[in-house]
Amino acid sequence: MKRASLLTLIVLVWGTGHAESADPNGAGYDAARWDPIHFKPAILEATDEQCLDCHREVLESRIREASPAGLKADQALAWYQTLDTYQGDQETFHRRHLVSDYATQVMSLKCNTCHLGNDPREETAMSHAGGDPTLIQRKHVEPEVCLMCHGGFSYQIMAVPGPWAEYGAAFQDNCLLCHAIFRTNRHRVNYLKADAIEALAKENKDGCYGCHGGRSWYRISFPYPRNPWPGMAEAVPDWAKGRPTESEARFLVGVEATPAADNVQGNKP
Ligand code: HEC
Ligand code: HEC
Ligand code: HEC
Ligand code: HEC
Ligand code: HEC
């Protein structure tokens, strides 16, 4: 009994110290936790620096050197870490998406690309019998966002006979063989570095596959918007009926208008 309460005390003391450090302005743990920046509309405008004022740990904390079972991190490699673009030591999820060499080369994800907050009145869906089923946890991240880069390779619509791992070689492991002609108007969004991606794809065979099938957590693939490209046929194929013709509005904020000569070659319909 005594031992249990001592443990509780230690946890409480550690817990408070920890919480205070999460609020540089000293307004207290609860004020920080319920800071309006976590919720819409403020979260949509928030900068990474504002979030990192309190959450620096997401970029600073590192993975364990070994798992509790003793497996050393530097001797482990998961299937999704075998692509040619994967480099360096094991890293945390946030570091892999925000600060690794590869991430900074091809992406510029922000905290609010993934974190969009929720209704501050209630964290959890169906928390009581009449509860709202659409509410999400604050931690919740829209899985559609992940699907954009971690969906399956949709060979069915590409005139590629099967999965890229099996049939890529027949196309010289080169997506650009076709994608110099089809769907050339791509990646003009505020969380990707479009030009760097094109350059990388010319020298690394996994440069495109990495975000379009090579790390698929899902069997489905994202229904990408179908930005018009030069030479595009007017008829819309059945599978593409109802697709948007440009990216989600929040991903276009701050994106410079595409130079006609560069991307659309003066052909814009
Ligand atoms: C004033 C300090 C402060 C700011 C600024 C801040 N947070 Fe928080 N945040 C907190 C605190 C404190 C918690 C509660 C942590 C807990 O309960 O473990 C929290 C919780 C969270 C959680 C849920 C974590 C969990 O374990 O449930 C997420 C996700 C989060 N914040 C993301 C963000 C993002 C994204 C931003 C920027 C838009 C941001 N925060 C800005 C202090 C802050
Ligand atoms: C690629 C999408 C993505 C980006 C970008 C991102 N996060 Fe997260 N974040 C997640 C996911 C997924 C989780 C885990 C959610 C869960 O466990 O339910 C998470 C969890 C968190 C948590 C909870 C503590 C933890 O480590 O699990 C905090 C705090 C947080 N993120 C803050 C941030 C901040 C601050 C930024 C910007 C510097 C950021 N995130 C950028 C997807 C992202
Ligand atoms: C804009 C594209 C993009 C988005 C959006 C994205 N990822 Fe990733 N993700 C990547 C890339 C690229 C890598 C590989 C990074 C590397 O090799 O350094 C990666 C790696 C990963 C890894 C492996 C990390 C490791 O240590 O090897 C996991 C797990 C992951 N992503 C999950 C998610 C989840 C969950 C989401 C949604 C919250 C998400 N990703 C959103 C592009 C993205
Ligand atoms: C044999 C030619 C060919 C090859 C090789 C090819 N694609 Fe495609 N791809 C297409 C065609 C055709 C479409 C559909 C064009 C349209 O929208 O009408 C397409 C569509 C796509 C789409 C959009 C899917 C959607 O649902 O909107 C993505 C993403 C894509 N390809 C990525 C790739 C990547 C990455 C590779 C290499 C790993 C690749 N493609 C290799 C021909 C090809
Ligand atoms: C870092 C991740 C990443 C890499 C690398 C990447 N893509 Fe994408 N791709 C995306 C995302 C995210 C989208 C959706 C963007 C949007 O909303 O318009 C996309 C969209 C597309 C589309 C649909 C464009 C449209 O509007 O019709 C095609 C085609 C495509 N990618 C092909 C490629 C090819 C070819 C390469 C290599 C040159 C490549 N991708 C490399 C993440 C990536």
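Numbering of ligands and ligand atoms starts at 1, following listing order. Treat the numbers as computed from the prediction; the structure is a model and nothing was measured.
For a threshold of 3.5 Å applied to N or O pairs, the pair formed by Y80 and ligand 3 contains no separation below that value. At under 3.5 Å, a nitrogen or oxygen of H212, whether backbone or side chain, sits near a nitrogen or oxygen of ligand 5. Residue contacts with ligand 5: S247 is placed with a nitrogen or oxygen under 3.5 Å of a nitrogen or oxygen of the ligand (distance criterion only). Residue R96 has at least one N or O atom closer than 3.5 Å to an N or O atom of ligand 3. Ligand 5 has no N or O atom lying under 3.5 Å from any N or O atom of Y102, backbone or side chain.
The residue Q87 has no part lying near ligand 3, judged by heavy-atom distances below 4.0 Å. Contact annotation for E91 and ligand 3: only backbone heavy atoms (N, CA, C, O) come within less than 4.0 Å of the ligand.
Comparing V141, V145, D53 against atom 12 (C) of ligand 2, the shortest heavy-atom distance belongs to V141. Closest heavy-atom approach to atom 22 (C) of ligand 2 among the candidates H94, H150, H55: H94.
At least one heavy atom of P225 sits less than 4.0 Å from an atom of ligand 5.
At a cut-off of 2.8 Å, C149 does not coordinate atom 8 (Fe) of ligand 3 through any N, O or S atom. Not one N, O or S atom of C208 sits under 2.8 Å from atom 8 (Fe) of ligand 5.
Inside a 4.0 Å radius of atom 14 (C) of ligand 2 there is not any protein heavy atom.
Listed by number with element, the atoms of ligand 3 under 4.0 Å from a non-hydrogen atom of Y86 are 17 (O), 27 (O).
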